Amino acid sequence: MPKPPIVTNPLTNRGTAFTREQREALGLVGLFPPAIETLDQQEIRTYRQLSSFTEPMDKYVFLDQLHDRNETLYYRVLTDHLTELLPIIYSPTVGDAIKEWSREYRRSRAVYLSVDRIEDVRLSFENLGKGPDDVDLIVVSDAEAILGIGDWGVNGTDISVGKLAVYTAAAGIDPNRTIAVNLDCGTDNQLLLNDPTYLGNRHARVRGERYDQLVDEYLKVASEMFPHALLHFEDFGAANARRIVEANRDRYRVFNDDMQGTGAIVIAAVMAGMKVTEQTFADQRLVVFGAGTAGTGMADQIAAGMVRDGLTPEEARKRVWLIDRNGLVTDDMENLPDYQKPYARPAGEVTHWAHEHGQVGLLETVRRVEPTILIGTSAQHGAFSRPVIEAMSDGVERPIVLPLSNPTERIEAMPQDIIAWSKGKALVATGIPVQPFEYEDTLYRIGQSNNALLFPGLGLGTIISGATAVTDGMLLAAGEAVASQVDPRTLGAALLPPVEHLRASSAQVAVAVARQAEKEGVATAHHDNLIQAVQDAMWWPTYPEITETSGPGTSGETETVIAESEPMMPVIEDGASDDAEDSGSTTAKAAKGRRTDDDEASSAARSPRKH
């Protein structure tokens, strides 16, 4: 039996929370159990069901199903338990989900733009039915560099979907005013190309001019149709991530979290460390071990801080040393990426430095440079060895050491070792969660360099201010706002705040970003009370008021008007998905037969995956 649209649309469905009057008016009598529940009651039952699962992927599937049935309840659960569920809806669990995405596809939550059909870009956005004032945020990925697992083609769609979920849960970005986009440029992943269930373009990844044409068309169309939207780029490959942002940041409102967001959260850790050392950016000497897009992006942000504190750009670049797989980056190296060239050291400068296999390594660089900051983005476990940490501690009283690679088996050094080797002197933040530990009767808390501390508030601040660009000053302001939330001057204190109060933290970041946008003259919206404006703009998961209803007519259709509603993102389903059951799927077996309390007596619990 077909169900009324208000039930099948996850943006309007409220399951057992429909009142008796609403059930009568909307033709829902008999489609739900008699009890009328509040959102609070639904959340309690749903969280209890979620907690019965032990495996992260089972929890991911459960939440994914809930997202596709009742978006308000989904975000209520997520917002109330964000610390616990952040690793479930995003990294690291989403990486496992991406690997199975095509096999377990049920529902679309994104716009798919194909490199083979660039002429369809405008039509694809037009089919959403959204107007120029209806979209605040678009997250796009070409899925070439997914969370350290590489190229996953159209399977990477859930990266964009998951990033938007974090924006909403952490900063209150209205989910109905967002769009997830996948740029399908093909894939070089042989497992996908030879998988008969793969849903993306079945050819090698397209690069060069044709790729650039797709990106250019996306930027042009998205900015024309949705002129107020922030265009967020996520998990693009090293050859494109920085290039796209640098080429377009003066023309479009673009932001790359892997490059700029990661750099800004590192800025926050450095700023916190400088509270202890009582120094400025202009006093720093930086070594980055792992000089890819992310690592060099961090160098860019710290160099921008140096310039803000009085150095010239040239002076700032001279205080940065990059090390990649070929050793210390020098100007005589062939085929240097464009993003490394500004920091390449003169080859003559290191002629008399110790070389091993023709390269200047990390230990020699640390001994020669005596860096105040050491950043690791190399994914080389153990790269920050005891001699490296001891050499750094010999040259600097309170070194800032940031081993940021994840997961644990890839981190450059464990913080317990860094603290011990530095005799408690090092100021440490990591890319993985670390439990507090003791060293010489002092309890050390290690902050996690989690981009979720920064990018949601940065996005909200950009939206609130109507900023025409995401400037370096706005990124620095975001980092400073995060750093202001901790006092690391007590021995053992963390450099970064925990994520327990992420909504409040995001609001604080948003205010700082909007103020900076006004200061730089890029804001187009101005508020008498910026703090209140941010609070008013944050969407909260509550059921909207149903202001007008009419009962089912002769056709069985129901007309409904939701208070303060916006055009809704179409949800496209596989025609057989309501009754489909994938008995070969381990995640399907995990969720099989489970019901959330918004369940509208449907077969949704039998559908393991919906996108």
Side-chain angles (χ1 to χ4, degrees), residues 72 75-76 78-80 82 130-139 163-179 223 226-232 252-255 257 260-261 264-265 268 451-485 497 499 501-545 562-567:
T72 300
Y75 280 114
R76 176 60 181 272
L78 186 56
T79 301
D80 286 355
L82 187 55
K130 290 181 177 289
D133 297 325
D134 294 337
V135 179
D136 294 327
L137 175 65
I138 304 175
V139 174
K163 205 76 174 188
L164 288 174
V166 179
Y167 266 113
T168 295
I173 305 295
D174 187 340
N176 194 40
R177 298 180 59 81
T178 67
I179 302 172
S223 62
F226 313 113
H228 310 301
L230 172 63
L231 307 181
H232 175 131
Y252 302 108
R253 190 183 291 105
V254 296
F255 167 68
D257 186 46
Q260 296 168 295
I265 196 65
N451 286 21
L453 292 167
L454 189 136
F455 76 80
L458 175 69
L460 180 59
T462 303
I463 292 166
I464 288 295
S465 65
T468 56
V470 178
T471 67
D472 286 340
M474 291 162 65
L475 292 165
L476 283 167
E480 194 164 24
V482 173
S484 71
Q485 299 169 38
V499 297
H501 307 292
L502 198 48
R503 276 234 165 187
S505 173
S506 294
Q508 190 170 337
V509 172
V511 169
V513 169
R515 281 179 176 158
Q516 184 65 27
E518 289 190 358
K519 181 179 179 181
E520 295 186 29
V522 296
T524 60
H526 305 280
H527 307 275
D528 293 333
N529 188 330
L530 195 52
I531 293 175
Q532 190 60 48
V534 167
Q535 292 301 316
D536 292 343
M538 295 179 79
W539 179 88
W540 288 88
T542 57
Y543 290 129
E545 181 184 356
I562 306 297
E564 299 182 359
S565 64
E566 301 283 353

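By convention here, the first residue in the shown sequence is residue 1. The structure presented is a predicted model; accordingly, all values stated were derived computationally and were not measured.
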Can you measure from [atom1] ([X]) to [atom2] ([Y]) and round to the nearest 0.5 angstrom?
X: His232; Y: Leu164; atom1: NE2; atom2: CG; value: 8.5 Å
X: Leu458; Y: Leu230; atom1: CG; atom2: CG; value: 7.5 Å
X: Ile138; Y: Ile179; atom1: CD1; atom2: CD1; value: 4.5 Å
X: Asn176; Y: Lys130; atom1: CG; atom2: NZ; value: 4.5 Å
X: Leu137; Y: Thr462; atom1: CG; atom2: OG1; value: 9.5 Å
X: Thr468; Y: Glu520; atom1: OG1; atom2: CD; value: 9.5 Å

**Request:** Any chance you could lay out the side chain to side chain contact (heavy atoms under 4.5 Å, CB included) test for Tyr543 and Arg76, step after step, and finish with the verdict?
**Result:** CA-CA 10 Å; Tyr543 290 129; Arg76 176 60 181 272; over 6 Å; no

Would you check if [X] and [Y] make a side-chain contact, meaning some heavy-atom pair closer than 4.5 Å?
X: Val470; Y: Val254; answer: no
X: Gln485; Y: Val509; answer: yes
X: Leu460; Y: Val534; answer: yes
X: Ser465; Y: Val513; answer: no

**Message:** Walk me through whether Phe226 and Leu231 qualify under side chain to side chain contact (heavy atoms under 4.5 Å, CB included).
**Reply:** CA-CA 10 Å; Phe226 313 113; Leu231 307 181; over 6 Å; no

Nearest non-hydrogen partners of [X] and [Y], listed with the distance:
X: Asp174; Y: Thr168; value: C-OG1, 4.5 Å
X: Ala170; Y: Ser506; value: O-OG, 3.0 Å
X: Pro456; Y: Ala452; value: CD-O, 3.2 Å
X: Arg253; Y: Pro227; value: NH1-O, 3.1 Å
X: Ala264; Y: Leu475; value: CB-O, 3.8 Å
X: Met474; Y: Ala467; value: CE-CB, 3.8 Å

**Request:** Please test Trp539 against Arg177 for side chain to side chain contact (heavy atoms under 4.5 Å, CB included), starting from the C-alpha separation and ending with a verdict.
**Result:** CA-CA 10 Å; Trp539 179 88; Arg177 298 180 59 81; over 6 Å; no

**Message:** When you measure from the side chain of Ser505 to the backbone of Leu502, do you find a donor-acceptor pair of N or O atoms at a distance under 3.5 Å?
**Reply:** no

**Check: Thr79 side chain, Tyr75 main-chain N or O, donor-acceptor pair, under 3.5 Å** = yes

**Item:** Option from Asp134, Asp133, Asp136, Thr524 for which side chain to side chain donor-acceptor pair (under 3.5 Å) with His228 holds
**Value:** Asp133

**Message:** With a 6.0 Å cut-off (strictly less than), is the heavy-atom count around NE2 of His526, excluding the residue itself, greater than 12?
**Reply:** yes

**Message:** Would Thr178 and Val139 count as a side chain to side chain contact (heavy atoms under 4.5 Å, CB included) here? Give the steps.
**Reply:** CA-CA 8 Å; Thr178 67; Val139 174; over 6 Å; no

